[in-house]
Amino acid sequence: MDKANQPSKPVRIFIVEDEHRIARFLQIELEHEGFETEIEENGTRAYERIMQGNFDLVLLDVMLPGMDGLTICKRVREVSSLPIIMLTAKDEVEDKVAGLDIGADDYMTKPFAIEELMARIRNALRKHVPDNGVPLEERLQVKNLVMYPKRYEVEVDGETVHLTKKEYSLLEYMMRNKRTVLTRDQILEKVWGYDYSGDTNVVDVYIRYLRAKLDDHFHEKYIYTVRGVGYAVKE
């Protein structure tokens with residue numbers, strides 16, 4: 001495979017959290033979403049690892065042994081624009097203001113919904129322009145299937161998958177809602193529009209088209225049928 005056709009490397013997220021249960025939970029959820037992760041519980045070691053430049057985003061707890069999160073954030077900001085989302089059990093305005101004032105991209109108070117954290121991570125990555133001036137690109141991923149919405153491209157193991165406009169729209173909607181079972185009516189409304197008055201079997205037809213180009217061609221299961229309910233894209 002030539003270099004131009006190699007799939008992009010997964011986004012690497014550094015979880016800096018001294019509560020093992022929380023750190024492990026975040027790791028499982030993030031890796032399920034296609035991110036690569038590493039965990040560090042000590043603030044001093046975390047700062048050293050961040051400065052090595054191996055991560056695309058940091059989830060940074062405020063209260064840490066060794067060096068606290070606010071100090072880490074402040075020092076990192078002196079030399080890097082690496083996206084940082086602060087995590088804390090505190091819910092005081094002063095703490096949030098302090099984190100944002102020293103350069104954190106966002107701030108979340110525990111406990112938080114994992115869906116909201118994922119949305120904030122995607123937002124921080126979209127807005128970020130790395131120090132080399134090349135912005136990180138949004139990508140949707142399920143197993144070895146990767147979609148680049150801005151490029152209107154789909155790849156499996158680096159091989160381009162050619163889709164029609166409607167096939168692409170259907171796959172994008174399903175990938176943005178992966179693990180969610182979508183009914184035919186939901187799909188029709190979002191992909192074909194409110195005013196669509198044709199046969200609802202069109203959804204089944206396009207699911208077959210996608211399966212032929214993805215599941216069948218690459219011998220991998222991406223699209224699942226939930227009998228009596230609808231369809232879902234799953235890991």
Side-chain angles (χ1 to χ4, degrees), residues 3-18 22-62 64 67 69-88 99-100 102-108 110 112-151 153-158 172 175-176 178 235:
K3 191 171 183 179
N5 290 325
Q6 289 180 359
S8 301
K9 294 192 300 182
V11 172
R12 303 188 73 229
I13 295 181
F14 191 26
I15 303 166
V16 184
E17 168 63 68
D18 64 332
I22 295 175
R24 182 61 182 143
F25 168 73
L26 290 172
Q27 183 175 48
I28 292 170
E29 291 292 335
L30 287 166
E31 292 187 350
H32 191 82
E33 293 294 322
F35 297 108
E36 285 188 357
T37 67
E38 290 188 30
I39 294 174
E40 178 57 66
E41 63 179 28
N42 179 274
T44 304
R45 289 196 300 268
Y47 172 69
E48 294 170 353
R49 294 173 65 181
I50 291 170
M51 297 308 292
Q52 292 172 4
N54 295 326
F55 303 104
D56 299 306
L57 182 142
V58 179
L59 296 180
L60 181 59
D61 190 26
V62 171
L64 293 166
M67 183 186 297
L70 293 175
T71 301
I72 294 172
C73 183
K74 184 176 180 180
R75 291 189 181 184
V76 171
R77 273 297 166 265
E78 292 173 355
V79 295
S80 173
S81 61
L82 175 71
I84 298 174
I85 298 179
M86 306 294 294
L87 306 176
T88 183
L100 295 172
I102 61 176
D105 294 84
D106 210 336
Y107 202 107
M108 292 203 68
K110 307 171 194 173
F112 47 78
I114 194 66
E115 293 82 5
E116 181 180 359
L117 176 61
M118 293 299 175
R120 291 181 183 236
I121 288 172
R122 291 191 293 268
N123 185 54
L125 291 171
R126 275 197 300 270
K127 293 191 302 182
H128 177 58
V129 177
D131 301 320
N132 62 9
V134 181
L136 286 168
E137 182 177 16
E138 182 189 15
R139 53 186 276 159
L140 306 175
Q141 184 167 358
V142 175
K143 301 178 185 176
N144 56 347
L145 167 64
V146 183
M147 171 178 280
Y148 300 94
K150 288 187 178 180
R151 280 195 264 157
E153 292 180 1
V154 176
E155 296 178 350
V156 175
D157 285 336
E172 180 179 3
M175 289 186 71
R176 288 190 183 279
K178 64 181 179 181
E235 298 285 358

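As the structure is a computational prediction, the values presented were derived from the model and not from experiment.
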From I121 atom CD1 to E116 atom CD, the distance as rounded to the nearest 0.5 Å: 11.0 Å
Are V58 and I50 packed together at the side-chain level, in the sense that at least one heavy-atom pair is separated by less than 4.5 angstrom? yes
Looking at R75, R45, E48, which one forms a side chain to side chain contact (heavy atoms under 4.5 Å, CB included) with M67? R75
Just verifying a value: how many Å separate F35 CZ and Q141 CD, rounded to the nearest 0.5 Å? 9.5 Å
Using side-chain heavy atoms (C-beta onward) and a distance below 4.5 Å, is I84 in contact with R77? yes
Side-chain contact test, heavy atoms from C-beta onward, threshold under 4.5 Å: evaluate it for Y47 versus T71 and give yes or no. no
Could you work out, with side chain to side chain donor-acceptor pair (under 3.5 Å) as the rule, every residue matching N144, not counting sequence neighbours? D157, Y222
Over all atoms of both residues, closest heavy-atom pair of N42 and T44: OD1-N, 3.0 Å
Run the numbers on D61 and K110 for side-chain contact (heavy atoms from CB on, under 4.5 Å), then give the verdict. CA-CA 10 Å; D61 190 26; K110 307 171 194 173; 3.2 Å; yes
Quick one: does P149's side chain get under 4.5 Å of R176's, heavy atoms only? yes
Atom CD of Q27 and atom CD of E36: how far apart are they, to the nearest 0.5 Å? 11.0 Å
Does the side chain of N54 reach to within under 4.5 Å of the side chain of R49, using non-hydrogen atoms? no
Between L70 and I102, which heavy-atom pair has the shortest distance, and what is it? O-CD1, 3.0 Å
Non-hydrogen atoms of P10 and G34 that approach each other most closely: CB-O, 3.7 Å
Heavy-atom distance under 4.5 Å between the side chains of I15 and E38, does that happen here? no
Distance (rounded to the nearest 0.5 Å) between I13 CD1 and E31 CD: 10.0 Å
R120 vs D106, test: salt bridge (Lys or Arg N to Asp or Glu O under 4.0 Å). Steps then yes/no. CA-CA 8 Å; R120 291 181 183 236; D106 210 336; 2.7 Å; yes
If every non-hydrogen atom of A104 is compared with every non-hydrogen atom of C73, which pair is closest and at what distance? N-SG, 3.6 Å
Hey, what do you get for CD1 (I85) to CG (L117), rounding to the nearest 0.5 Å? 6.0 Å
State, to 0.1 Å, how close F14 and E40 come at their nearest heavy-atom pair, and which atoms those are. CZ-CB, 3.4 Å
Run the salt bridge (Lys or Arg N to Asp or Glu O under 4.0 Å) check on R24 and E17 step by step: do they pass? CA-CA 9 Å; R24 182 61 182 143; E17 168 63 68; over 6 Å; no
M86 vs M108 side-chain heavy atoms within contact, under 4.5 Å: no
Closest heavy-atom pair, L64 versus E41, reported as atoms and distance to 0.1 Å, is CD2-O, 3.9 Å
Just wondering, do Y107 and T88 contact through their side chains at under 4.5 Å, heavy atoms? yes
side-chain contact (heavy atoms from CB on, under 4.5 Å), that's the test. Do L60 and V76 meet it? Break it down for me. CA-CA 12 Å; L60 181 59; V76 171; over 6 Å; no
Would V62 and L87 satisfy side-chain contact (heavy atoms from CB on, under 4.5 Å), going step by step from the backbone distance to the final call? CA-CA 6 Å; V62 171; L87 306 176; over 6 Å; no
I need the I39 CD1 to L59 CG distance, nearest 0.5 Å. 10.5 Å
Tell me whether the count of non-hydrogen atoms from other residues, nucleotides or ligands lying under 6.0 Å of NZ in K74 goes above 12. no
